[in-house]
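Written below as structure tokens is the structure these notes are about.
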Amino acid sequence: MNRPFLKKITVQSEADKLALFGSYDQHIKMIEDAFSVEVTARGEEIRVVGVRDRVENAEAVISELMQRAVKAHHLTTEEVNQVIQSILSEDNHGTVQPEIDTENDRIIVSGKKHSILPKSVAQKRYVDHIKSYDVVVGIGPAGTGKTYLAMAMAVSAYLKKQVERIILVRPAVEAGENLGFLPGTLVEKVNPYLRPLYDALYEMMEVDHVNRLLERGDIEIAPLAFMRGRTLNDAFVILDEAQNATSMQMKMFLTRLGFRSKAVITGDVTQIDLPQGEVSGLIEIQKILEEVRGIQFTYFAGKDVVRHHLVQEIIEAYVKYQSTKSGNKDGNAPLEGR
């Protein structure tokens with residue numbers, strides 16, 4: 001039987017140790033659960049005990065978190081989870097992914113210099129793609145920041161006068177053929193499906209400012225069907241919930257792009273609400289456009305979720321359940337890195 005491996009880590013100050021451990025030792029419990037190790041504190045020393053490779057991974061997480069604690073004197077559970085997941089990722093071979101550059105990666109979204117910062121390496125990669133390409137497709141589960149960051153980049157581009165207007169589009173597929181039975185005008189009928197876009201805007205800019213821009217037409221929020229026949233010049237266009245766009249709708253949207261415009265398409269291919277047998281345009285374009293220059297695909301995974309850390313666990317649980325339900329032979333296999 002292998003003897004437990006012990007690693008000792010020195011803490012620079014009591015304040016750093018408190019930040020590292022978190023309220024009720026929550027951060028340390030997350031590390032223990034992720035790597036199946038035991039972490040204890042004795043004075044200025046932290047001891048990590050367990051299987052050698054897991055201890056070394058836990059040590060890498062603790063070392064990175066201590067460096068961050070020295071700078072900020074505070075750590076969030078989301079930040080702790082991000083560092084843990086960067087170690088667990090098989091692509092990183094046990095090294096922590098680089099921290100976000102707070103100066104170069106900041107996205108200004110209001111005249112008062114209010115800014116938004118990517119919270120993970122995947123988000124940073126996504127933002128960099130939006131800066132560099134005219135068409136970016138962000139695919140991944142809910143909570144990875146696909147729509148929110150695209151919106152932030154659109155607002156930033158508008159404030160810098162890089163575009164003259166922002167156009168936000170969503171399929172209203174949930175209404176289907178029953179749209180006519182809903183009360184109100186056509187716009188009022190589809191507004192509930194566009195509400196998340198309004199919410200993100202109001203979070204980034206003052207309500208009065210957003211309303212003025214909506215009245216002027218500098219910001220337009222519309223169902224995907226309203227895009228037919230238009231040419232969108234000098235615009236930052238976002239197609240949200242694109243997994244619910246049909247093949248023909250996706251082609252229609254992509255061919256609307258005009259001069260000096262940029263498009264970001266976001267969606268989650270695991271949450272398609274289209275009628276059975278209808279092909280999702282988001283799934284289809286991954287094959288059709290994969291070799292087209294000027295178009296960049298950015299993929300997010302469950303580990304990139306930046307909401308409450310349990311959201312990531314919930315997504316992974318659903319993936320495992322669906323895999324088992326569909327009869328996948330590997331459905332009962334343990335998740336990688338768990």
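Under the side chain to side chain donor-acceptor pair (under 3.5 Å) criterion, Glu284 pairs with Ser247, sequence neighbours left out. Remark: Phe35 engages no residue in a ring pair (Phe, Tyr, Trp, His ring centres under 6.0 Å) (not counting sequence neighbours). The side chain to side chain donor-acceptor pair (under 3.5 Å) test applied to Gln286 returns Tyr299, not counting sequence neighbours. Every side chain to side chain contact (heavy atoms under 4.5 Å, CB included) that Lys160 has, sequence neighbours left out, goes to Ser156, Gln162. Applying the side chain to side chain contact (heavy atoms under 4.5 Å, CB included) rule to Asn211 yields the partners Tyr202, Val207, Leu214; only residues at least two apart in sequence or on another chain are considered. Annotation: ring pair (Phe, Tyr, Trp, His ring centres under 6.0 Å) contacts of Phe236 (sequence neighbours excluded): none. Considering only residues two or more places apart in sequence or on other chains, Gln271 meets the side chain to side chain contact (heavy atoms under 4.5 Å, CB included) condition with Ala142, Gln243, Asp268. Checked against side chain to side chain contact (heavy atoms under 4.5 Å, CB included), Lys17 has the following partners two or more places apart in sequence or in another chain: Val11, Glu14, Phe21, Ala41.
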Listing, residues 287-298 side-chain donor-acceptor contacts under 3.5 Å, not counting sequence neighbours, or none:
unit_1	atom_1	unit_2	atom_2	d
Gln296	OE1	Tyr133	OH	3.4
Thr298	OG1	His129	ND1	2.6

Could you list the donor-acceptor pairs under 3.5 angstrom formed between side-chain atoms of residues 227-234 and any protein atom two or more places apart in sequence or on another chain?
unit_1	atom_1	unit_2	atom_2	d
Arg230	NH1	Glu220	OE1	3.4
Arg230	NH1	Glu220	OE2	2.7
Arg230	NH2	Glu220	OE1	3.1
Asn233	OD1	Phe259	N	2.7
Asp234	OD1	Arg260	NE	2.5
Asp234	OD2	Arg260	NH2	3.1

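Residues Leu6 make up the rest of the hydrophobic cluster containing Val49, defined by ILVMFWY side-chain heavy atoms closer than 4.5 Å, directly or through other members.
Within the structure, every pair that satisfies the salt bridge (Lys or Arg N to Asp or Glu O under 4.0 Å) test and touches residues 127-152, not counting sequence neighbours, is listed here: Lys124-Asp128.
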